[in-house]
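Encoded as structure tokens, the structure appears first; notes follow it.
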Amino acid sequence: MNKTLSLLYSPETYEKIRNSNILIIGVGGIGCELLKVLTNSGYHKMTILDLDTIEATNLNRQFYFRKEHVGMSKALVGKESVMKKHPDLDITAIHGSIFDEKYDVEFYTQFDFVLCALDNAQAREHLGRMCLKSNRILVDAGTGGFSGQANVIKRFSYQCNNCQPSKGAAQYAVCTIRASPSQPVHCVTYAMALYNLLFGPLDESNVLAGLLDLAQFHSCDKTDEQLLQSLAIKTFDKLFYEDIKQGIKGFVKDEEANAINQHKYPISYEDGMKDTHVYTTVDQSKIEVDDDKVQPFSYYVDLFVKMFVKILQTPGVGSFKFDKDDWDSVRFAAATTNIRTYNFTKKFKDIDPRLIEGDKMKYLSVNEVRQIGGKIIPAIASTNAIAAAIQVSESKKVLEENWDQLRMNWIQPTYDKIAPTYLPEPYPTCNHCSPRNVYLHMYCNFDTTIFGTIVELAKSFGLNDYDIYGQSGTVYGLHNKVLKKDGANERIYKKLLSQFYQRDTPYANMIFSVFEHSPGKKYYWQLNCKLELIIMHRAEVQVPQISKTTKLETALEQLKQLKISKHKELCEARMENLDRYSF
Amino acid sequence: MSSNDKYDRQVRIWGPHGQTKLQNARVLLLGCDPVGVETLKNLVLPGVGYVVIVDTKVVTEKDIENNFFIPHDTIGQSRAKVVFEYLLEMNQDVKGEWHQVENFDVKEQHYDLIIANEQQLLETKFNLIELQTYGFVGRMRLYSPKCHIIETKPMNQKYDLRIFNPFQELKEYFDSIEFEGDVDYVSHIPYIVILYKALQKYHKEKGKYPTTFSEKHKDFKQVILSLCEGLEYQYTGNFYEAIDNIDQAFDSENWKSSLESIEIEQDVNEDQYFVLISALRQFVQIHGAPPLGKAFPDMKCFTQTYVHLKNTLYGTKVEKDFQVFKTLCQNKVDDDTIRLFIENLQDLKSITFRTIQQELQQPNEVEDQDNDCYIWYILLRSVNEFYATNNRWPNQEKADTQQLQQIVEKQCRLVNVDSIPETHVIEICRYEGAKLHMIASVLGGMASQEAVKLITNQFVPINNTLIYDGLKSEASIFEF
């Protein structure tokens, strides 16, 4: 019995803390602080999970680790160090990845709540989704320099970490990335998207979706090195020569291109290999580590092809996602970034000081690309300490079910240093958490199913005033006056899904969103509800199936009975059906 | 610096010169309460140079409960020793010493920072952070005998472009630019030229320069737009850039206030900052403007123009001013510091802290008296006074609450506050001086951020008290 705690906490709170079972994801900068504060605040039973091993750069803030621990598992060493101070604690340490299928909804359900101490955007997104699915409260935190934040994410009550896409990662306009980069980060973003496009799962939301015919990469013989190499060079020439050249064709004279301030320099693989310039004005001779240097241009050209071949041969290709700790992906991105930079930058003939100073385009070293791509931000012990301690303070409110007191806690370098604001409500249109969204997976044969099926599905939800959006914009609209007038709706209704988009891959997954408008409200966030459909082709399916098990008719019947037309009912229906309709 | 260096991440915030200052700093910790130790931990990890830990007590059960750096098998040992050994084990680069003594003489040695908890240090000639945690409440008080910050690192960089008062060569250049020409030419006139021309036009039309906000942002804006009349929208990017940077057209006078507010002490030669300030005064007297800084923003224009502006026009002037300024400094300041000073001229900041003695006698009054943090401040003063008379903290017994209530009333009169909610008085009696690790951790984190500011002389430290309310997880800053 801890006397200080029992004096300050009510007996009920103290009991709840003693008996709780919590999950801590990440034993890094914030994680170490979290473990320290939790174990000194009465928490007894916990599971800690981290995939990482200890690096030298961790030692300036992750105080559970010493020089001799470099290379060892953060989770295991962390547990050992905590037990030294508190030998009676019940700690389970897992050296593993939260992406592992083992850690499913059932795994999360055993915990009272989850604390997030991750610095990796993808892992964080995944954790957020798992907590939504398993209905666990997530106590989140993040820091950068002297600033940071700590807050609770509670399903359907408060915003999740994907509600505002700009919160963690800055979003850039699609055309900036695809056609007119003007900062190094635009090229890095392009490079990461290209990596995900080539080697990752099909993702229609990728900014580069449709850029390349992907089938050839998936179907080719991975053991034929020469074939892969020629494929790599072909891809190189298409991306960095043909596509760039085509962009220029539109202008009659070079001057006209200049007038809209676009300089484009197509480069083929062959020419690229001959260009051994080091495009930088920073003295490279003083830099010791190769990955910190800006290399000759041909180095990146060669690296692109080598990495392309290597990654295609790696088992599991097709499910990869850019990761700052996966050096193949980092090197591929570094190569792509610099070639892309070449495409949109003057060749350094007359050195423009703007290329060296400020945010303008410049060539980057592998480590710079890693830092920009992995959004590595300077982390220091003091800010981590504040964030983690506030997480524990918020955790107490969670256990007390003191929902009104939960806050968004901003940590600032100046002013009041800690500024709590009210936790924002979920975005009505958030793809992850909004209760106004219904998500359905539909399997059907694209050759026999017409678009009208989707319209019928929307009708069955009791929706009246709605528009259906596809990837190119509104495709069917009862609210949209133009579509309603000229008979476009009728034409599109009868269209087969396989002919819906005229594109190379008629059987690729399609995503449609159905938005219902509220009377008198104008903006998208005031929408009544959103139905999101991911439609997948299965040749063998006769009658369209919803989700994995349900037939369309049954689903429609059930949904009809629910008579979903109002927001609240929709929320309830969503909760009930959460397991069935996967996110 | 290679990326394998363990200080790599933090150097991105305070730079290699900040790291050097940290690594040369001597820090004294008075008292091993959790909050003080947490603060020192956050300085030991990033590699502070030398720590001196002083404490009077031996380890008890309570320390093990709330102080992470006191292991469970150390009861009866010196707190200073236990904490010292644990902290220094975390970072081999850090050196130091510990003392278990009463009445440690603070004046004997130099310290870059003193962290005091449990006891108040009324007078010191060193930087001081005083800390106290009490139940769910935390208090941090900063004091610095002299606080002149060159690198304030503001969120938005300010530029000194001399558009209002161009130097001779710049004025000649500005006057040589004509707005007649083909579209390509006009759409690449740098915005600083546009602002200059607009100023001239405004003056010609109205007989004066814009001064009020509405004159600057409405009337003057119209003048800028009139300069690109007839031009198709797609070619007016540079004119809109000028509108975005309208404030740069007017004389920036930030440096003036810092120049006037600083009183130069007698021993000018002792302190580089005073040498710089007095050099600045002389410079302004001769030239009518401060030395020009190097910072030059990006702008829409031809590359040749940009290079000419940045390197030839501004660059030459920057170098010329630097040489003149350097002579005025009479070799008392090194070149790097002079350059740093000139570049940060627009954002210099000086703080005169009230002493702790002054605060104890009469704290400044606060306007927002309903702020919970302010109420906690008055209550902390009250419990501290209670402790001074009784040598123990008040508890929930009636006698104690009544005695505390009387002290609270006295404290309220001192700061002109009518009364304090009874709920808060009862709540603070419940704490009985207990120290929560969670509160110590939050406050220790904030204290170490301020410590880094004071040691590196970068960023602007808080002036002068922060109260943290752990029940609401809210903080407020007061100048008491």
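Residue numbering restarts at 1 for every chain, and letters A, B, ... go by the order of the sequence lines. This structure is a prediction, so every number in the text was calculated from the model and none was measured.
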Let me know if [X] has heavy atoms under 4.5 Å from chain B in its side chain, its backbone, both or neither.
{"X": "Arg61(A)", "value": "both"}
{"X": "Phe65(A)", "value": "neither"}
{"X": "Ser393(A)", "value": "both"}
{"X": "Asn409(A)", "value": "side chain"}
{"X": "Lys396(A)", "value": "side chain"}

Using non-hydrogen atoms and a 4.5 Å limit, figure out which bit of [X] sits close to chain A: side chain, backbone, both or neither.
{"X": "Val452(B)", "result": "side chain"}
{"X": "Asp73(B)", "result": "neither"}
{"X": "Tyr431(B)", "result": "both"}
{"X": "Lys453(B)", "result": "side chain"}
{"X": "Glu38(B)", "result": "side chain"}

Measure from the side-chain N and O atoms of Asn91(B) to the backbone N and O of Val44(B), and report whether any donor-acceptor pair falls under 3.5 Å.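 A pair under 3.5 Å: yes.
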Flag, side chain of Thr312(B) to backbone of Leu309(B), donor-acceptor distance under 3.5 Å: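 No.
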Residue among [options] with most heavy-atom pairs under 4.5 Å to chain A:
{"options": "His437(B), His72(B), Lys435(B)", "answer": "His437(B)"}
{"options": "Gln92(B), Gln449(B), Met90(B)", "answer": "Gln449(B)"}
{"options": "Gly135(B), Ser473(B), Gly444(B), Gly470(B)", "answer": "Ser473(B)"}
{"options": "Lys472(B), Glu89(B), Glu432(B)", "answer": "Glu89(B)"}
{"options": "Asn66(B), Leu443(B), Leu436(B), Asn42(B)", "answer": "Asn42(B)"}

Under 6.0 Å between ring centres: does that hold for [X] and [Y]?
{"X": "Tyr468(B)", "Y": "Phe136(B)", "result": "no"}
{"X": "Phe68(B)", "Y": "Phe63(A)", "result": "yes"}
{"X": "Phe459(B)", "Y": "Phe146(A)", "result": "yes"}

Heavy atoms, side chains only, cut-off 4.5 Å: are Ser6(A) and Pro11(A) in contact?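 Contact flag for Ser6(A)/Pro11(A) side chains = no.
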With a 4.5 Å limit on heavy-atom distance, are the side chains of Glu427(B) and Leu471(B) in contact?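 Sidechains of Leu471(B) and Glu427(B): in contact.
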side-chain contact (heavy atoms from CB on, under 4.5 Å) partner of Val139(A), the single match among Ile390(A), Leu406(A), Val152(A):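 Of the listed residues Ile390(A), Leu406(A), Val152(A), the side-chain contact (heavy atoms from CB on, under 4.5 Å) partner of Val139(A) is Val152(A).
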Does a donor on one side chain sit under 3.5 Å from an acceptor on the other, for Thr4(A) and Glu65(B)?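 Per modelled atom types, Thr4(A) and Glu65(B) side chains form a pair under 3.5 Å.
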Trace of the salt bridge (charged side-chain N to carboxylate O under 4.0 Å, His left out) decision for Lys41(B) with Glu33(A): CA-CA 11 Å; Lys41(B) 176 210 90 186; Glu33(A) 295 285 345; 2.5 Å; yes
